[in-house]
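Structure first, commentary second.
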Amino acid sequence: MIHLSSSNKNAISPTRANDFPGWYQEVVKSAELAEMAHVRGCMVIKPWGYGLWERIRDLLDVEIKSRGHENAYFPMFIPLSYIQQEAQHVEGFAKEMAVVTHHRLEQRDGALVPGGKLDEPIVVRPTSEAIIGASMSQWIQSYRDLPLLLNQWANVVRWEMRPRVFLRTSEFLWQEGHTAHASSQEAMEETMEMFRVYETFARDKLAIPVISGEKSQTERFPGADRSFSIEAMMQDGKALQAGTSHYLGQNFAKSASIKFLDSQGELKFAFTTSWGVSTRLIGALIMAHGDDDGIRLPPTIAPSQIVIVPISREETTQAAVLDYAKHIKQLLEQAVFSDEALRVRLDDRPIKSVDKKWQWIKKGVPIVIEVGMRDIESNSVSVRSRLSIGETDNVGIDALAPMIENELVRIQSTLFKDARDFLDDHILCDNLSFESASSYLASGKGFLLAKWCGSSVCEVGFRDQGATLRCLPSSLEATGSTCVVCSSPASQDAIFAQSY
RNA sequence: CGGGGUGUAGCGCAGCUUGGUUAGCGCGCCUGCUUUGGGAGCAGGAGGUCCCGGGUUCGAAUCCCGGCACCCCGACCA
């Protein structure tokens with residue numbers, strides 16, 4: 001190992017410890033992931049950030065399709081009357097709906113003003129249950145038409161009060177699955193199946209450990225009978241809902257009239273589900289894995305896993321170094337990580353190599369390979385892992401491909417392990433008094449795993465501490481036997497935390 | 001929509017309290033030389049409606065009034 005780092009200076013500031021929100025924004029900016037657009041609450045997703053979304057999309061799309069779902073596309077404009085059909089749905093989304101009321105602009109006194117008022121206002125989809133339900137009602141007549149398994153990759157709009165890039169923007173990208181089934185049991189199985197897909201995806205692809213569980217009644221999706229979420233922990237101890245799966249029962253079937261004749265000739269309402277993850281996952285990646293030098297990307301998700309930086313300041317050697325770099329690129333593209341060929345990028349931009357190095361570190365590329373004349377002469381390269389940016393490893397070409405494959409595996413598993421250790425270290429599961437639990441939650445340093453009696457009064461017992469009931473975990477058990485809020489006998493386990 | 005904060009070069013900021021040369025600094029950018037496996041050095045250079053509008057004044061980045069935007073903390077949420 002050669003130690004090259006001559007200073008303790010971080011690539012970005014502030015640090016996580018000094019100012020976590022400021023750090024988050026600086027990571028987004030310095031990694032060129034996105035920037036806020038001039039339209040309030042909207043973001044411009046830049047190529048590197050969109051590359052992350054493309055990875056998420058491509059990997060998840062395989063999982064979705066392999067379970068029999070087909071992609072389709074529905075309009076982003078929804079007639080107001082469709083939205084009005086499901087009462088809970090209306091209540092949940094009305095406050096954040098963008099409404100289109102005109103269909104034309106007119107010149108008036110030198111300014112463009114809306115003209116052509118619509119008879120019925122159109123809302124921009126905040127989610128597509130309503131409009132997909134309308135199609136489902138036409139497409140489904142018989143039990144032979146079921147199950148109907150759809151998914152769409154789309155943008156949605158929710159007029160948010162307090163936008164934060166990737167975490168809460170007025171427009172965001174997501175995937176929304178919508179299915180209809182003949183029986184409650186089958187719909188419930190679908191809900192759980194996709195829930196497990198998200199849980200596994202977060203763990204194996206994003207390297208983010210999650211706590212999965214059912215949402216309480218008050219936290220449920222508007223219009224759902226049951227909602228399930230995966231909750232990830234950010235490095236400031238707050239929870240981030242990273243994916244949801246909903247069992248909608250017959251609520252939307254009734255409001256959209258999704259009916260079918262069963263095998264006995266009886267007309268019945270279908271049972272529907274919906275499930276989604278969004279560009280918020282990129283925010284989760286940042287806050288789960290980032291360090292004080294920027295984002296750190298799990299190799300599975302990195303748009304480029306390896307960046308090769310040629311080092312050749314003398315013009316006479318540039319061609320040779322570039323050729324060598326291309327050779328290394330070809331060599332590595334034969335190697336494999338997670339059943340895919342390595343994604344290798346050669347950075348031959350005409351800027352200083354040391355600047356390139358720092359740029360890629362801030363962008364979270366798992367491995368940067370630096371090559372120069374010295375490497376050519378010794379038939380080797382310098383390998384710098386994102387896990388230890390201050391050192392490089394000199395690796396002979398013969399050993400390079402397997403070494404890189406191993407290092408990518410190590411990075412993927414280390415990021416997951418570190419995140420899991422952090423999660424484990426920041427879940428308090430002692431049997432606390434209400435006062436102790438309150439002060440712990442108010443500090444915002446982690447999750448509380450505690451017993452809950454199930455009452456909606458106790459559910460919001462930590463409202464003053466800024467904490468809510470995140471989910472009722474399916475695989476964790478709290479100590480004690482009484483409700484952390486009211487002290488009456490309780491059997492349900494609950495995760496309380498501050499959240500994004 | 002409440003409470004606080006901030007708007008000055010691409011980015012980060014100083015100057016404002018107590019109005020007074022040509023508005024500065026660091027980083028970045030451009031040119032040249034030096035350096036040449038490392039977040040380099042020297043010299044020169046480009047880049048500003050000091051958020052917008054009004055007011056006070058001989059004179060406003062600075063004081064006053066009114067807007068707007070962004071950030072942080074709440075209420076709301078993927």
Side-chain angles (χ1 to χ4, degrees), chain A residues 2-14 19-22 24-26 29-30 35-41 91-97 126-127 155-176 198 215 218-222 227 229-232 239-246 274-284 293 309-318 321 351-359 361-362 368 370-378 381-382 384 389-390 392 394 444 463-466 468 498-500:
Chain A
I2 307 165
H3 290 261
L4 293 175
S5 179
S6 57
S7 78
N8 298 320
K9 198 164 73 172
N10 293 119
I12 62 168
S13 69
D19 176 7
F20 197 82
Y24 174 78
Q25 293 190 86
E26 185 57 30
K29 187 163 76 174
S30 63
E35 55 197 36
M36 295 311 285
H38 293 292
V39 184
R40 186 193 146 78
E91 200 175 315
F93 285 109
K95 283 171 293 188
E96 53 194 52
M97 214 86 86
T127 177
N155 60 338
V156 285
V157 169
R158 298 178 187 179
W159 213 258
E160 294 293 346
M161 283 306 188
R162 218 180 102 197
R164 295 194 68 181
V165 62
F166 287 127
L167 302 175
R168 195 187 304 103
T169 47
S170 296
E171 180 192 21
F172 57 92
L173 307 183
W174 77 349
Q175 148 280 312
E176 50 179 324
Y198 290 153
K215 283 289 190 184
T218 54
E219 295 280 339
R220 279 206 293 252
F221 175 78
S227 285
S229 77
I230 53 172
E231 300 284 329
L240 182 75
Q241 181 173 310
T244 49
S245 187
H246 311 292
S274 69
W275 26 273
V277 300
S278 72
T279 37
R280 173 179 263 193
L281 286 177
I282 297 173
D293 295 304
V309 175
I311 300 171
S312 57
R313 303 176 88 160
E314 291 167 33
E315 280 182 30
T316 53
T317 62
Q318 273 174 8
V321 171
I351 60 173
K352 283 188 288 188
S353 53
V354 69
D355 291 336
K356 294 181 195 177
K357 178 191 80 176
W358 285 105
Q359 286 178 17
I361 285 170
K362 286 185 281 193
V368 175
E370 296 152 56
V371 296
M373 283 309 290
R374 192 185 299 166
D375 300 295
I376 297 179
E377 283 154 18
S378 63
V381 299
S382 298
R384 186 189 303 276
I389 60 169
T392 58
N394 199 255
R463 185 192 283 155
D464 292 346
Q465 287 72 37
T468 50
Q498 292 187 18
S499 68
Y500 280 100

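Sequence lines set the chain letters: A, B, ... in the order given, protein chains first and strands last, and positions in each chain run from 1.
For the pair A/Y24 and A/V165, the tightest heavy-atom approach, listed with the atom from each and the gap, is OH-O, 2.7 Å.
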### Query
Quick one: what's the B/S/- string for nucleotides 72-78 of chain B, heavy-atom cutoff under 4.0 Å, read 5' to 3'?
SBBBBBB
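Atom CD in A/E35 sits about 13 Å away from atom P in B/C71, given to the nearest Å. Rounded to whole Å, the distance from NZ on A/K362 to P on B/C27 is 15 Å.
Contact of the A/T244 side chain with the A/F221 side chain is not registered, since no non-hydrogen atoms from C-beta on lie closer than 4.5 Å. Residues A/E35 and A/K29 fail the side-chain proximity criterion, which asks for heavy atoms closer than 4.5 Å. No side-chain heavy atom of A/E370 sits under 4.5 Å from any side-chain heavy atom of A/D375. Side-chain atoms of A/V321 and A/Q318, non-hydrogen and from C-beta on, never get closer than 4.5 Å to each other. A/K215 has its side chain within reach of A/E231: a pair of non-hydrogen atoms, C-beta onward, lies under 4.5 Å apart. Between A/S278 and A/Q241, the closest side-chain pair of non-hydrogen atoms is not below 4.5 Å. You'll find the side chain of A/V309 stays beyond 4.5 Å of the side chain of A/K357, heavy atoms only.
Within the 4.0 angstrom heavy-atom criterion, no nucleotide atom of any strand lies near A/G276. Looking at heavy-atom distances under 4.0 Å, A/D375 makes contact with a base.
Mapping A/K29 and A/D355 onto RNA chain B by nearest heavy atom places A/K29 at the nucleotide closer to the 5' end.
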### Task
Starting at the 5' end of RNA chain B, write a dot or bracket for each base, bracketing those in Watson-Crick or G-U wobble pairs whose two distances are under 3.5 Å and using | for partners on another strand.
((((((((.[[[[.)....(...]]]].((((((.....)))))).....[[[[[..)....]]]]])))))))....
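A donor-acceptor contact under 3.5 Å links the side chain of A/S382 to the base of B/G37.
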